[in-house]
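Here the structure is laid out as structure tokens; the discussion comes afterwards.
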Amino acid sequence: MEDTKPNVVKITFDGIEVEVEAGTTIMQAARRIAEADGTQAHLVPPAMCYYKPLEGTGGKCRACLVKVAQGSAKDTRPMPKLVPSCITQVQDGMVVENTTNPAVLEARKGVVEFLLINHPLDCPICDQAGECHLQDFAFEHGAAQTRYEEERRTFEKHDIGPYIQLHMTRCILCYRCVYTADQITNQRVHGVLNRGDAAEISTYIEKAIDNDFSGNVIDVCPVGALTDKTYRFKNRVWFTKPVDAHRDCPTCKGEVTLWCRGEEVIRVTARKNQWGEVQDFICNTCRFDQKKTSDWVIEGPTKVQRSSVISANKYRADLVKKPDFALKLASSQYKAIDDSRPYVTDPDTIRQQSVENNDKANHRSLLAENN
Amino acid sequence: MTEAPNTVAFTPERLAKAREIIARYPEGRQKSALLPLLHVAQEQWGWLSSEVMDYVAGLLSIQPIEVYEVASFYTMFHLEPVGKHVIEYCRTGPCCLMGGEDVYGYLKQKLGIGAGETTPDGTFTLKEVECLAACGWGPVFQIREKYYMNLTNERIDEIVEELSK
Amino acid sequence: MTKKILLEHAGVSGIETFDVYRKQGGYTAVEKALKTMTPDEVVEEAKKSGVRGRGGAGFPMGMKWGFLAKPEGVPRYLVCNADESEPGTFKDHYLMKTIPHLLVEGMIVASYALGAHKSFIYVRGELLYVIAILEKAIEEAKAQGFLGKNILGTGYDLELVVQPGGGAYICGEETALLESLEGKRGNPRNKPPFPAVKGLYQSPTVVNNVESIANMPWIINNGGEAYAAIGIGRSTGTKLISASGHIKKPGVYEIELGLSVDEFLNSDEYCGGIRNGHHLKALVAGGSSVPILPAHLITKTATGENRLMSYESLSDGGFATGTMLGSGGFIVFDETACIVRNTWNFARFYHHESCGQCSPCREGTGWMEKVLHRIEHGHGSMHDIDLLVDVAKKIEGNTICPLGDAAAWPVASAIRHFRDEFEWHITHPKEATQPGAVYMGDSILV
Ligand SMILES: Cc1cc2nc3c(=O)[nH]c(=O)nc-3n(C[C@H](O)[C@H](O)[C@H](O)COP(=O)(O)O)c2cc1C
Ligand code: SF4
Ligand code: SF4
Ligand code: FES
């Protein structure tokens, strides 16, 4: 009988057989392999736009393209083009090639290069350094040097509300923050404006993103485009120790990761799984206003599972073996991290500063316009 | 220059037209009226200020950002004040083969402005656009709904004179 | 003399009005289809005709209709693609402004075949005056009982809505068009699901080009088989060709598929040959997206056969020595045309029109434009040529929608066939940047 197990299909991914429910995507099937056997994590296609907790994400960045060498047991033809594994559903008997297919690796190298041509190489001064998915992606799949000689696109950075800073120049237009605002908050005030490579994340008219759950856009951003103003420049992420903690929160589940130095909470984020995806979205009160360890019940050190530079410590320049062009180029613009400034945790002061910063940014834009 | 609107509302006729447009779409799909309404708005105000876009958002019960996202995607919508006549000339290959670059050069020289600029008296704005689907009749530009085709320097003299009156 | 199917009455004065159109036999197809045929029989005629989509991809229209999902209780939609924005293509513009009722009649027949009760014609926003013409035609047809409720007493209801775009080439891509029609940014959708299953408003939808649909009245009146008898092989029927560039008689022509390229280009009935006594240098046969061909591959294929105006013959030789019929945008270049400049111009177009959703197209189109701009303006270096080829290759096939391919092909093909011209721009920056300078083998033409 053909349909004895109607809901389970078997696929072969880079030579490994795995059984998954019908309707699963290739990406999820690959993750299943890695979850069962941690040593296979490197087989999982990289995802720069897909984000499982957010419906409709994926298909845009093309980082996860794979080759379907056999469509299914019934139709054994290969698919003519590489397909995005994050949104392509498996078929019974499908054969997928990822790290085993040179065309896939070549295309992926292309995607790294495309994503970096308009991305500033300011990793040394970027808050996201150490937990940036683009950095990981470029390190693992990129070429050693860029061939891009043209001028890079730049934007002014600006504050969207008292807590969040948008550094559009770093954005890779994954749309995750847009889906987050649509699905997690009750009103979206930011979005993608313009089109092509002039597209930008913006509120159009200066508008604060002000909503109980707006801070989650920071957690979903794969790069340092949306950052936590209450944390900025205070520390490089690999010097801080994450711990799992919770509190009784009336708005959200209150389960978070605290990033501490000594007794101080310097940043609060949602807890993330192995794939860098938020487990439970958290509210702004938990994220921005609870900055003392006494506000929290500490559960213990967070296990960082993601195979990222932060756990492998690859990012330390002295440990980098293969030439990392981003680092090399960026070293010319390296600025020492300003770690001596007093920490600001009082929300009113933060708000005050943000208003001032906004004014400054506006002035700069006005000046630029008038000159 | 067209003044920024101070009272943002459609004229009664345009409001009636807007309601008619909105009613064309199936129940719950009123957002489909967005592009047609933005055209109506631009017809009334000449350009789309954020107040105008907010007004349109209100008519359709959608978030203002949804209007900004759409208006900034499409090239026909002016998000900044423009002159009385917006000359949109086609810069794409086939028109260039027909001598477009020379003719547009003449036009710029005549008006004393470049692409994206408005004459000091606010009469003309020049805008560079891509293919207008009139390649065999090029060079071509359009001013609102009117197409001006097979352009030559002489034709440009006539058109500019006519419109300057 | 080609059999005319679409433009037969184009010259009749007043043909844009209902009365004149009706006198020329207009709307008889609506009567025949609605009164004497079932929807499936109409689909069957479309299948028999073999008519292929005229929007560019050339997919058989009847077969596409056959794929339309028909779940109970869910509306189905027909959307006509009148976004025509492909450089070199202006046939839909011409057809709609000249014989608007032909499209309206075709829409009624096609909507009936698909069981649609609300159908849309999505017209590029720039053609505001054409939208007015179409709306007037729809009003007239409605007043005569050919649209609206209970058409001709048959119990079939249909409403036709003309939707303006807002200025975006990408909205010609069918899923971007549907997004736009829903009032959103024109970002193409990932496929699957295909529109036939989930299209407009998440309902099963067919998207067809203006010209495809305008063939339906003739097919119904004369039968699918009669249509299939016109043309050559799998390229059945006639095709509107938009001819532009360095020819004596630019314009829109209806040809029988299978006409030789030589005849189309040189006979007085069509393009009338190259203007001003010049010579043919290159040709883009199907709109800016298709590969450009050098003179020696235009009227003959690489194997020396006569090149014909048909889907098959134009693609003979693959991308190495062939091209595509595409949307029928026939752009002719004589020796005064600079291929590098034109390639840069087209690259700028695709850069400008990329929706920006997927990284290879968003970043790659801009990169190609900038490199080409550099070469054209005398700042290129030799490795730029291979860089362009490589960037084009990394875009092609790796994007959400075919705009990525459409951006890559013109660049790759121009370099394939005119590499020496690119090299000359790099080795002779001074000469190449003189106004109007054009490379001709080893001599320059200024
Ligand atoms: C970038 C892009 C632009 C397109 N522009 C048009 C267009 O302007 N008009 C059109 O009919 N089809 C266009 N198409 C093709 C449509 O996606 C679609 O295939 C067509 O409308 C189907 O109709 P047909 O089968 O009748 O040709 C375009 C496709 C792409 C990828
Ligand atoms: S700001 Fe971040 S999350 Fe938002 S689109 Fe850009 S990269 Fe993605
Ligand atoms: S290929 Fe270009 S136009 Fe098409 S979806 Fe991607 S970015 Fe948009
Ligand atoms: S993760 Fe699949 S396309 Fe971005």
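These figures come from a predicted structure and were not determined experimentally. Just so it is clear: chains get the letters A, B, ... in the order the sequence lines come, proteins before strands, and each one is counted from 1.
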Between Gly366(C), Gly364(C), Cys355(C), Gly186(C), the one whose heavy-atom pairs under 4.5 Å with chain A are most numerous: Cys355(C)

Tabulate, with distances rounded to 0.1 Å, every donor-acceptor pair spanning chain A and chain C at under 3.5 Å.
residue, atom, partner, partner atom, Å
Gly167(C), O, Arg195(A), NH1, 3.2
Arg185(C), NH1, Val192(A), O, 2.8
Arg185(C), NH1, Asn194(A), O, 3.1
Arg185(C), NH2, Asn194(A), O, 2.5
Asn187(C), ND2, Tyr175(A), OH, 3.1
His351(C), NE2, Asp197(A), OD1, 2.9
His351(C), NE2, Asp197(A), OD2, 2.8
His352(C), O, Arg195(A), NE, 3.2
His352(C), O, Arg195(A), NH2, 3.3
Glu353(C), OE1, Arg195(A), NH2, 3.0
Glu353(C), OE2, Arg195(A), NH2, 3.3
Ser354(C), O, Gly196(A), N, 3.1
Cys355(C), O, Gly196(A), N, 3.1
Gln357(C), OE1, Lys60(A), NZ, 2.6
Ser359(C), N, Lys60(A), O, 3.4
Ser359(C), OG, Cys61(A), O, 2.5
Arg362(C), NH2, Ile172(A), O, 3.2
Glu363(C), OE1, Asn118(A), ND2, 2.7
Lys370(C), NZ, Tyr148(A), OH, 3.1
Arg374(C), NE, Glu150(A), OE1, 3.1
Arg374(C), NE, Glu150(A), OE2, 3.4
Arg374(C), NH2, Glu150(A), OE2, 2.6
His383(C), NE2, Glu149(A), OE2, 3.4
Asp390(C), OD2, Arg147(A), NH1, 2.9
Asp390(C), OD2, Arg147(A), NH2, 2.8
Lys394(C), NZ, Glu106(A), OE2, 3.2
Asn398(C), O, Arg62(A), NE, 2.9
Thr399(C), O, Arg62(A), NH2, 3.1

How close do Phe137(A) and Ala63(A) get, heavy atom to heavy atom, and via which atoms? CZ-CB, 3.4 Å

Under the 3.5 angstrom rule, does the side chain of Arg416(C) hit a backbone N or O of Val411(C) as a donor-acceptor pair? no

Is Ile87(A) close to chain C through its backbone or its side chain, or both, or neither, when contacts mean heavy atoms under 4.5 Å? side chain

Excluding sequence neighbours, so at least two apart, what forms side chain to side chain contact (heavy atoms under 4.5 Å, CB included) with Ile426(C)? Ile375(C), Met382(C), Ile385(C)

How many angstroms lie between CG in Leu65(A) and CG in Leu105(A), if you round to the nearest 0.5 Å? 11.5 Å

State, yes or no, whether a side-chain contact exists between Leu178(C) and Pro195(C) at a heavy-atom distance under 4.5 Å. yes

Cation-pi between Arg234(C) and Tyr311(C): NZ/CZ under 6.0 Å from ring centre and within 45° of the ring axis? no

Heavy-atom closest pair (Ala138(A) atom, Leu116(A) atom, distance to 0.1 Å) is CB-CD1, 3.8 Å

Exceeds 12 heavy-atom contacts within 6.0 angstrom, atom NZ of Lys430(C): no

Under 4.5 Å heavy-atom distance to chain C, tell me which part of Val192(A) shows up: side chain, backbone, both or neither. both

Pairs of heavy atoms under 4.5 Å with chain C: top-ranked of Pro84(A), Cys49(A), Cys61(A): Cys61(A)

